[in-house]
Amino acid sequence: SQMDKMRMKKQIEKTNEEIIQLQKLLAKNRIIRQRKEEYEALAKIVNDKPTQADTLLAIDAVSADTVSIDTKLATIESFLRTKSTHYDLLLQTIDDLTQIDKD
C-alpha cells in the first residue's frame with residue numbers, strides 16, 4: 001500500500017541520516033584515538049627523560065666539579081710559577097758561579 005511505501009521511505013531516510021551521523025561520530029572518534037596515541041607516544045618520550053629536579057641536581061654536581069677543577073688548576077698554576085721561578089734562580093746561580101770561576 002501507499003502508506004507502507006511512505007513509512008518505508010521515511011524509515012530509509014531516517015536510517016540514512018543515522019548512518020551519516022554515525023559516520024561523523026566515527027571520524028571524530030578516529031581523530032580522538034589518533035591524538036590519544038600521539039599523546040601517549042609523547043608522554044613516553046617525556047617520561048624517559050630525567051625529571052627537572054634530577055637535572056638540576058646533575059647541573060649542581062657538574063658546577064661543583066667545575067669549581068673543584070678550577071681550584072686544582074689554580075693550585076697547579078701557582079706550583080708551576082714557583083717551580084719556574086726556582087728554575088730561573090738556579091740558572092742564574094749557575095751562571096753567577098760560572099762567572100766567578102772564569103774570574
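Numbering starts at 1 and runs along the sequence shown. All figures in this text were calculated on a predicted structure; none of them were measured in a lab.
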Spacing of T93 atom OG1 and D88 atom CG [to the nearest 0.5 Å]: 10.5 Å
Interatomic distance, H86 atom NE2 to R81 atom CZ [nearest 0.5 angstrom]: 13.0 Å
Test item: R7 and D4 side chains (from C-beta on) under 4.5 Å apart, heavy atoms: yes
Among R30, K28, Q23, side chain to side chain contact (heavy atoms under 4.5 Å, CB included) partner for L26: R30
Residue pair I94 / L97, side-chain heavy-atom distance below 4.5 Å: no
From E77 atom CD to T82 atom OG1, the distance as rounded to the nearest 0.5 Å: 11.5 Å
Pair T51, D54: side-chain N/O donor-acceptor within cut-off below 3.5 Å: yes
Test item: S68 and K72 side chains (from C-beta on) under 4.5 Å apart, heavy atoms: yes
Reported CD-to-CG distance for the pair E17 and L22, which is rounded to 0.5 angstrom: 12.0 Å
Reported CG-to-OH distance for the pair L90 and Y87, which is rounded to 0.5 angstrom: 7.5 Å
Any donor-acceptor N/O pair, T75 side chain to T71 backbone, under 3.5 Å: yes
T98 side, atom OG1; L91 side, atom CG - distance, nearest 0.5 Å: 10.5 Å
Check: I19 and N16 side chains under 4.5 Å, non-hydrogen atoms: yes
Atom CD of E40 with >12 non-hydrogen neighbours under 6.0 angstrom: yes
